[in-house]
A.B. asks: 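Pasting in a structure now, in structure tokens, and then I'll have a few things to ask.
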Amino acid sequence: MDILFVIDRVELKYFEFNNLVTNFWLIREFLNKKENVYITTIDKLGINSGVAYAHCFRSYLKDGNIFYDRTDILRKIEDFKLVMFRPDPPVDLDYISATYIFDFVDRNRTLVLNDPKAIRNFNEKMHAIKFLDLMPENIVTSSKSDIIDFLNKHDEIVLKPLNACFGAGVMTLKKGDKNTAVIINSMTNNQSKLVMVQKYIPKAKFGDKRVLFLGDEVLDVCVQKLPSNDDFKFNEHCDSNIIKANLSEREKELFLPVAKELNKQGLPLVGLDVIDEKIIEINVTSPCYFIKEINNHFGINLERKITEFILSKMFINV
């Protein structure tokens with residue numbers, strides 16, 4: 001079977017030995033299953049006479065690691081039985097344009113995960129509001145006065161750009177901070193850019209938990225991502241900042257309806273960021289499953305479970 005992974009350009013640059021990223025483990029597992037895996041990036045996608053295509057490279061295994069042949073191969077996307085659409089944010093115009101390419105792909109021939117149309121219809125910060133009872137209090141606005149009113153109400157808040165990733169641009173703000181106006185103006189580009197504003201959760205100092213979905217299932221395994229580099233949030237992917245965490249039965253019960261709803265929307269591969277049982281973000285673009293860390297902490301092979309789930313989706317699709 002031919003499989004295409006649409007990965008991030010940075011991942012293509014550092015493709016080999018990059019076992020911190022989820023794609024490394026999934027590609028290697030598919031190769032171990034004797035599937036043919038090709039890789040590409042969003043800038044290598046296109047349409048010719050209504051036919052979607054990709055300039056791609058064939059990956060291969062050697063000594064337990066993954067590599068790719070630098071020979072550029074032009075393939076119709078419908079030649080692939082499965083496409084894993086996993087470029088990283090920012091979800092900018094180039095990213096959105098790439099999702100449009102898949103509107104020209106026959107889904108009876110090719111399964112695409114996560115569904116690019118569902119991704120572009122789901123903002124990872126803003127659409128978490130669909131599960132409002134599971135979120136900290138929040139507003140989405142570009143208004144300085146709205147943000148100051150919210151700050152005065154809650155004393156400490158978190159401001160987030162809507163389309164970034166890896167914690168980029170996320171800031172905290174306390175009531176009375178002398179830089180309040182500067183921070184708000186910077187975040188909102190002088191009240192012209194929408195941002196997510198959330199009530200600060202004190203337990204954030206202990207990091208956030210990554211809760212993982214596979215379709216309708218909330219996985220039992222998870223990790224806690226600790227604040228790093230004198231920051232209030234996780235922003236450095238290294239062993240010391242990712243520790244074993246436990247998922248309570250209550251948490252599984254709370255988040256199961258979220259998994260079911262997202263799976264119904266075409267988003268079966270999802271990671272929640274959770275603090276004190278509150279969802280602060282829903283990752284649907286290229287969710288990291290922290291496979292290296294979870295395998296080490298729990299003594300499992302999570303990549304096998306994920307690839308078997310994906311293959312089961314293919315069977316249903318056929």
A.B. asks: Should Val6 and Phe122 be regarded as members of a common hydrophobic cluster, given that ILVMFWY residues are connected when their side-chain heavy atoms come within less than 4.5 Å of each other, either directly or indirectly?
C.D. replies: yes
A.B. asks: Could you tell me whether Lys244 sits above the aromatic face of Phe298, with NZ or CZ closer than 6.0 angstrom to the six-membered ring centre and within 45 degrees of the axis?
C.D. replies: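 Yes - Lys244 lies over the ring of Phe298, closer than 6.0 Å to its centre and within 45° of its axis.
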A.B. asks: Any chance you could measure Ile243, atom CD1, to Cys222, atom SG, to the nearest 0.5 Å?
C.D. replies: 10.0 Å
A.B. asks: Do Asn263 and Phe213 pass the side chain to side chain contact (heavy atoms under 4.5 Å, CB included) test, and can you show the C-alpha distance, the side-chain angles, and the key distance before you say yes or no?
C.D. replies: CA-CA 9 Å; Asn263 189 32; Phe213 296 167; over 6 Å; no
A.B. asks: What heavy-atom pair brings Ser286 and Pro89 nearest, and what distance separates the two atoms?
C.D. replies: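 It is OG-CD, 4.1 Å.
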A.B. asks: Show your reasoning for whether side chain to side chain contact (heavy atoms under 4.5 Å, CB included) applies to Asp115 and Leu267.
C.D. replies: CA-CA 6 Å; Asp115 184 345; Leu267 301 166; 5.6 Å; no
A.B. asks: Report the distance from atom OG1 of Thr99 to atom CD1 of Ile42, rounding to the nearest 0.5 Å.
C.D. replies: 9.5 Å
A.B. asks: Using 4.0 Å as the upper bound for N to carboxylate O, is an ion pair formed by Arg210 and Glu293?
C.D. replies: no
A.B. asks: Has Lys199 got more than 12 heavy atoms of other residues, nucleotides or ligands less than 6.0 Å from its NZ?
C.D. replies: no
A.B. asks: Closer than 4.0 angstrom, basic N to acidic O: yes or no for Lys153 and Glu137?
C.D. replies: yes
A.B. asks: Looking at Lys44 and Asp72, is any side-chain nitrogen of the basic one under 4.0 Å from a carboxylate oxygen of the acidic one?
C.D. replies: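 No, no charged N to carboxylate O under 4.0 Å.
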A.B. asks: Donor-acceptor pair, His297 side chain versus Ile242 backbone, under 3.5 Å?
C.D. replies: yes
A.B. asks: Can you find a side-chain donor-acceptor pair between Asp92 and Asn163 that sits under 3.5 Å?
C.D. replies: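 No, no side-chain donor-acceptor contact under 3.5 Å.
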A.B. asks: Can a donor-acceptor pair be found, under 3.5 Å and without considering hydrogens, that links the side chain of Asn114 to the backbone of Leu269?
C.D. replies: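 Here the side-chain-to-backbone pair exists.
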A.B. asks: First locate atom CG of Leu26, then atom CD1 of Ile310, and finally report the distance between them rounded to the nearest 0.5 Å.
C.D. replies: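 It is 5.5 Å, given to the nearest 0.5 Å.
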A.B. asks: Between Glu251 and Lys209, does any NZ, NE, NH1 or NH2 come within less than 4.0 Å of an OD or OE carboxylate oxygen?
C.D. replies: yes
A.B. asks: Check this for me, if you would: do Asp103 and Arg120 make a salt bridge, where the nitrogen-to-carboxylate-oxygen distance has to be below 4.0 angstrom?
C.D. replies: yes
A.B. asks: With no hydrogens and no angle check, do the side chains of Thr285 and Glu124 hold a donor and an acceptor under 3.5 Å apart?
C.D. replies: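 Yes - a donor-acceptor pair under 3.5 Å links their side chains.
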A.B. asks: Check the surroundings of atom OH in Tyr60: do more than 12 heavy atoms from other residues, nucleotides or ligands lie under 6.0 Å from it?
C.D. replies: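 Enclosed: over 12 neighbouring heavy atoms sit under 6.0 Å from OH of Tyr60.
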A.B. asks: If you measure from CZ on Phe30 to OG1 on Thr307, what distance do you get to the nearest 0.5 Å?
C.D. replies: 5.5 Å
A.B. asks: Could you report the tightest heavy-atom contact between Thr40 and Cys56, atom names first, then the distance?
C.D. replies: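 Thr40 and Cys56 have their closest heavy atoms at CB-CB, 4.1 Å.
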A.B. asks: Show your working on side chain to side chain contact (heavy atoms under 4.5 Å, CB included) between Met135 and Lys278 and close with a plain yes or no.
C.D. replies: CA-CA 5 Å; Met135 285 190 70; Lys278 295 293 185 181; 5.8 Å; no
A.B. asks: If you define the side chain from C-beta out and look only at heavy atoms, does anything of Lys264 sit under 4.5 Å from Lys260?
C.D. replies: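 Answer no - side chains too far apart.
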A.B. asks: Output yes when a side-chain donor or acceptor of Gln198 lies under 3.5 Å from a complementary backbone atom of Ile280, and no otherwise.
C.D. replies: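 Judged by distance alone, yes, a pair lies under 3.5 Å.
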A.B. asks: In this structure, are over 12 heavy atoms from other groups packed under 6.0 Å from Arg250 atom CZ?
C.D. replies: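 No, the 6.0 Å shell around CZ holds no more than 12 heavy atoms from other groups.
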A.B. asks: Please determine if Arg70 forms a cation-pi arrangement with Tyr68, meaning its NZ or CZ atom is less than 6.0 Å from the six-membered ring centre and no more than 45° off the ring axis.
C.D. replies: yes
A.B. asks: Quiz question: by atom type and distance under 3.5 Å, do the side chains of Glu303 and Asn295 form a donor-acceptor pair?
C.D. replies: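 Present: a donor and an acceptor within the cut-off.
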A.B. asks: For Pro287 and Gly271, which heavy atoms make the closest approach, and how far apart are they?
C.D. replies: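 Nearest heavy atoms, Pro287 then Gly271: CB-N, 3.7 Å.
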